[in-house]
Amino acid sequence: TTSVTLGFIGGLVSGREINDLETIGEKRTFVAKRYGLAALSAVGLALCSNENAISIVGQYGLAGAITVFSGLLAAMVGFQFYQFIPKYATSFGQNK
């Protein structure tokens, strides 16, 4: 759970970079990279659930991989989850 918490915090802090990007293309690339890494992290977690994974990387390697993949997934999703909704909710005006 610590890696998820640290991932969310890291994602929120690093997500501020989108405010410094000027063009829509740069912002789209920024978000697309985060979604791509989130998808790869989810696939990595799915592979860790395979019963043969422990025989390939060992128990400590598997625990480390799960920690890294879950933290990375939280970091990549944290920005969208916490920043997109308030950012776009205020762009429609009051009571709309």
May I have the list of side-chain donor-acceptor pairs in residues 60-67 shorter than 3.5 Å, sequence neighbours left out?
residue : atom : partner : partner atom : Å
Thr67   : OG1  : Ala63   : O            : 2.8

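- Summarising the geometry, atom CG belonging to Leu40 is positioned 11.5 Å from atom CG belonging to Leu45; distances are rounded to the nearest 0.5 Å.
- Rounding to the nearest 0.5 angstrom, the gap separating the CG atom in Asn50 from the CD1 atom in Ile56 is 7.0 Å.
- Through chains of ILVMFWY side-chain contacts below 4.5 Å, Val43 is grouped with Leu47.
- A pairwise comparison of heavy atoms in Ala38 and Leu73 identifies O-CD1, 3.2 Å as the closest pair.
- Closest non-hydrogen pair, Cys48 versus Ala53, comes out as O-CB, 3.8 Å.
- In the hydrophobic clustering, where aliphatic and aromatic side chains (Ile, Leu, Val, Met, Phe, Trp, Tyr) are joined below 4.5 Å either directly or transitively, Val68 stands alone.
- In this structure Ser14 satisfies the side-chain hydrogen bond (donor to acceptor under 3.5 Å, both in side chains) test together with Arg34, sequence neighbours excluded.
- Membership of the apolar cluster around Met76 extends to Leu37, Leu72, as traced through chained side-chain contacts below 4.5 Å between ILVMFWY residues.
- For Ser41, there are no side-chain hydrogen bond (donor to acceptor under 3.5 Å, both in side chains) partners at least two apart in sequence or on another chain.
- Taking CZ of Arg28 as the reference point, atom CG of Leu21 lies at 13.0 Å (rounded to 0.5 Å).
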